[in-house]
Amino acid sequence: MSKYLIAGNWKMNTNADETRKLVSELSASASKNQEVEMLVCPPFINIPGASELLKDSFVSLGAQNCYFEEKGAFTGEISIPMLKAFNLEYIIIGHSERRAYFNESDDLIAKKLEAILNHNLKPILCIGETLEERNAGKTFEVLKNQLDIDLSKADLLKISDMVIAYEPVWAIGTGVSATNEQVAEAHKWIREYLENNYKTEAAKIKILYGGSLNHANAKEILAIPNVDGGLIGGASLKSESFLKIYNTAIELS
Ligand code: 13P
């Protein structure tokens, strides 16, 4: 198992040409490294193109969402088998943008997580509190509630394939990351939650930090105990900034 996962969530950015350019630049610089894995998650429509270009590279491929049913009358949705056909390994679920703008509930996220594990892919489950919740002292209550429901259907035998991304909502896209103390405290709490529920498997579950992670703060944040990588939005859209974070992880590993 690698030490760090450095993941780019491209969100609704990059057209086909931009995807080709970014993927080519990243795959040219990613090395075979046992300790650091690079992952890119382009928009659905650019996954086939990215998959083709990444075939013999050291960059892993992921999606930003999926539906839990395999096929049928679910207009506009994409199934896990459809994604799996493109050598894709990871699927992000429960991102705060999907929770907030598309009304995704924890019950729906639980079904997606169950289905992804059952298809032998790796879910990246995003959890995190809003600023109001943090200011009201409810951070850990919120995280517990999200984890309790989101993980309620997970196959315990496959749980170590799961990745958790702690993304405080107020730190996403704001340029203001959580402080080192806030990251340390939340990641420690999540690790303890996993240990209480999954015993020895807990150590194998990666916990990523997301929220204004960039080349300037990557060194400090990635060095915090229980931080096993980053889920990066804005700074993953330019190869230069994403590679700086990736290379920082290599230095630290
Ligand atoms: P930013 O890195 O742009 O803050 O986005 C983080 C994020 O939402 C990753 O999923």
Side-chain angles (χ1 to χ4, degrees), residues 4-14 18-19 22 26 37-44 46-47 50 59-66 83 88-102 104 106 109 112-113 116 122-131 133-134 139 142-143 146-147 150 162-180 182-183 186-187 190 205-222 224 227-249:
Y4 287 114
L5 175 61
I6 302 299
N9 173 9
W10 295 2
K11 307 193 179 184
M12 200 175 71
N13 296 293
T14 66
E18 289 161 346
T19 298
L22 190 46
L26 294 176
E37 178 179 1
M38 185 194 289
L39 167 67
V40 294
C41 303
F44 282 136
N46 294 318
I47 284 175
V59 182
S60 304
L61 184 60
Q64 300 172 20
N65 184 27
C66 66
L83 293 167
L88 180 144
E89 273 181 79
Y90 293 86
I91 305 180
I92 298 171
I93 50 171
H95 195 282
S96 65
E97 288 148 18
R98 296 215 59 87
R99 292 177 189 259
Y101 305 143
F102 305 101
E104 288 206 6
D106 286 296
I109 295 162
K112 293 185 182 190
L113 190 130
I116 295 167
K122 300 170 184 168
I124 300 180
L125 170 66
C126 302
I127 56 172
E129 81 288 357
T130 62
L131 191 56
E133 289 163 342
R134 176 165 280 273
T139 297
V142 169
L143 298 183
Q146 290 175 337
L147 289 171
D150 298 349
M162 173 179 74
V163 176
I164 306 251
Y166 171 60
E167 299 208 312
V169 179
W170 46 274
I172 296 176
T174 58
V176 182
S177 71
T179 65
N180 296 347
Q182 289 167 329
V183 175
H187 282 239
I190 294 166
I205 299 172
K206 283 196 166 63
I207 309 173
L208 313 184
Y209 170 77
S212 298
L213 189 60
N214 57 43
H215 73 270
N217 59 22
K219 195 166 184 175
E220 286 182 9
I221 292 176
L222 293 175
I224 295 171
V227 174
D228 305 309
L231 185 56
I232 301 140
S236 72
L237 293 172
K238 293 261 182 297
S239 58
E240 196 190 349
S241 51
F242 193 57
L243 286 168
K244 278 188 187 162
I245 302 173
Y246 171 74
N247 288 324
T248 300

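Order of listing sets the numbers, starting from 1, for every ligand and every atom in it.
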Sub-4.5 Å side-chain heavy-atom contact between V40 and L22: no

Contacting atoms of ligand 1, where contact means under 4.0 angstrom from a heavy atom of K11: 5 (O), 6 (C), 7 (C), 8 (O)

Gap between atom OG1 of T179 and atom CD of E220 - 0.5 Å precision: 10.0 Å

Minimum side-chain heavy-atom gap N180-I221 below 4.5 Å: yes

Sub-4.5 Å side-chain heavy-atom contact between N65 and K112: yes

Backbone or side-chain N or O of E97 under 3.5 Å from ligand 1 N or O: no

Check ion pair R99-D106 (N to O, under 4.0 angstrom): yes

Protein contact of atom 3 (O) of ligand 1 - nearest heavy atom, named by residue and atom, plus distance: G234 N, 2.8 Å

Non-hydrogen atom of G210 closer than 4.0 Å to ligand 1: no

Counterpart residues, side-chain hydrogen bond (donor to acceptor under 3.5 Å, both in side chains), relative to T14 (two or more places apart): T19

I172 and ligand 1 - part of the residue with a heavy-atom distance under 4.0 Å: both

Within-cut-off N or O pair, A235 and ligand 1, under 3.5 Å: no

E167, any N or O under 3.5 Å of ligand 1 N or O: yes

Donor-acceptor side-chain pairing of E167 and H95 below 3.5 angstrom: yes

Geometric N/O contact G233 with ligand 1, under 3.5 angstrom: yes

Numbered atoms and elements of ligand 1 in range of G211, under 4.0 angstrom, heavy atoms: 4 (O), 6 (C)

